[in-house]
Amino acid sequence: MNISEKLAPIRKGLLEFVILKIVAGDKVYVADMLKLLGPTEFATQEGTLYPLLSKLRREELVDYEWQESEAGPPRKYYKLTQKGRTQLSTLNDYWKELNRTLAEFGN
Amino acid sequence: MQTVVTISLNGNSYQLEEPGFNLLRSYLDRAEARLKDSPDRGEVLGDLEQAIGEKCRGMLGPHKTVVSTAEVERIIAEMGPVESADEKAANAAADGTPNAAPAFPASEPRKRLFKIREGAMWGGVCNGLAAYLGLDVTWVRIGLVVLTLFTGITFFIYIAMLIIVPYADTAEDRAAAFGVPFNTEDIINRAKKNFDKTNDHWHREWRRQQRHMSRQFRQMNEQLKQTAANVAPNMNPAARGIMSVFIPIAALIGAVIFVSWIIALISLVTQHSIFGWGLPHGIPLWVGIIGLFVLYAVVSAPFKMVRHGGHHPGWAALSGLVWLGCTLLLFWAAYYFFPGFHELVDQLMWAANLTISTISETIV
C-alpha cells in the first residue's frame, strides 16, 4: 500500500473543508470547482461532488442560486452561508491546531 | 447501422446510440440505488442529469447530432461512481474499509423468461428457455422435438410462446433472462464475450448460409413477380377486364388453399394423418411436415402470380383484402362445422392460457 492510498481516507475527510474554502471565495459552479481541484491531491468527480454539495446545503453551510448560462439551461452557483463561514473558521483553527501538534512531535 | 435513442436530461433532449443509452441508464440506476437512503436523492440525481447533459452537448456540433457509445463511456468515466456523502459512508471510509467495497446492495437477480436472438435457430424460444432453465440449448431443442413427436400440444405451446414471450432486447432484459446481476461492467464483459462467439468459425459459416438462402428465396420471389408483371402490361383491355374477375377468384382459391394447408398441418401434427390419410409406413413426421410446406409453396404459387399480375397497388390491396376476408370466413366455417378443428382451436387457446399464466406467475 503506497502513501497516497494510505492517506485516501484523510483526503476524503478533508474534501468538505476544501470545498468550504473554495466556496468562500467567489460564487462557483461545479465544473469550475472540478477544474480547480483537478491538478491537486483533492481531484474528484461529479459523482462525489454533487452528493457532498447537497449534504452541505442540507446542513445549511452552503447555498446556491440559479444563474443563466450563455449555452444551455441555468446553472447552480454555490456560495457560503453565515453558518458556513463560522464552520470554516472553526475548521481553520482546528487545522492550525493539528499542524502545531504535529510540529511538537518533531520532524 | 446503429439504433439511436432520444433521451431527456433535465428538460433537454439528446440522441444516444443504443448501447450507450443502456450504459447511461445503468449508471443512473446505480446512482439512484446508492442514494437510496439519502434525503438529497432527487436533487443529486437532477444535478447528475444536468452535468451529463452538458457533457453530451460538448460532444455535439453542427454536423454531429448523436452521442456515440464510446463518448458515453467517457462521460461516465468522467462523472465517476456516485458516492453518498452521508455520515455512514464517510465513517466506513475512515475506518479503513476498502473504498471499492460495493455499497450497492446486490439485489438478488430475478430470472425472467425471454426469447433470445443471439445464437437462436429461429425465434429464440429454445434459447430463452435454456437460459431460464440453466440447460444447454441443444438439450432443450432435442427435448422439444421429441415431445412434439409424442404429444402434438407441445408444438402449440411453442407457437404460443413464440407469440407471447417477449424478446430480450435490452441489456437489462438479457441479464434477467440469464438471472445474472446487471451492471455496467457486466454489459461490457458480456458484449466482449458475444463478440468472440460471433468470431467463432462455425457460427460465421452458419450465418453465411442463412444469408445465402434468404437471398436465393428473395430472388425467386422477385422472378415470380417479374414474370407476372411482364404479362400484365401486354394485355389488351378485354384481357384486363377478365383479369379483374380472376383476381378475386384467385384470392379466394388462395385463401382456401391456405386454410386447408393450416388444417392439414395441424391434423398431421396431432393425429399423424391428413383428412384421414395416414402417413405411409416408415416415413417420419418431420418429412411429412416439410413435404406439406413444399406442397403449399408449389400449389399456391400460380394463384399468387395471378393476384400480383394486376401489378397495380389498388388491385394488390383489393386482392389482399379479399384474401384476408376469405381466410377469416373459412376459419370461422371450419371452427363451426368441423368438430376436430374446433377441439384443436380450443386446445390451442388452452395452451396459450397456460403459457400466459405460467409467464405471469414467473413475472409476479
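Everything quoted here is computed from the prediction, not taken from an experiment. Letters A, B, ... mirror the listed sequences (proteins, then strands); counts begin at 1.
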Practice prompt. Check whether any side-chain heavy atom of B/I7 sits under 4.5 Å from a side-chain heavy atom of B/L16, and report yes or no.
Written response: yes
Discussion item. Does any backbone or side-chain atom of B/E78 lie under 4.5 Å from a heavy atom of chain A? Answer side chain, backbone, both or neither.
Written reply: backbone
Worksheet item: Based on non-hydrogen pairs under 4.5 Å, which of A/Q45, A/R57, A/K76 is most in contact with chain B?
Response: A/Q45
Practice prompt. For A/P74, check side-chain contact (heavy atoms from CB on, under 4.5 Å) against everything at least two apart and list the hits.
Written response: A/W66, A/E68
Worksheet item: Is any side-chain heavy atom of A/T44 closer than 4.5 Å to a side-chain heavy atom of A/L15?
Response: yes
Discussion item. Hydrogens and angles aside, do B/R112 and B/Y132 bring a side-chain donor and acceptor to less than 3.5 Å of each other?
Written reply: no
Practice prompt. May I ask you to name which of B/D47, B/V44, B/V82, B/L48 has the most heavy-atom pairs under 4.5 Å with chain A?
Written response: B/D47
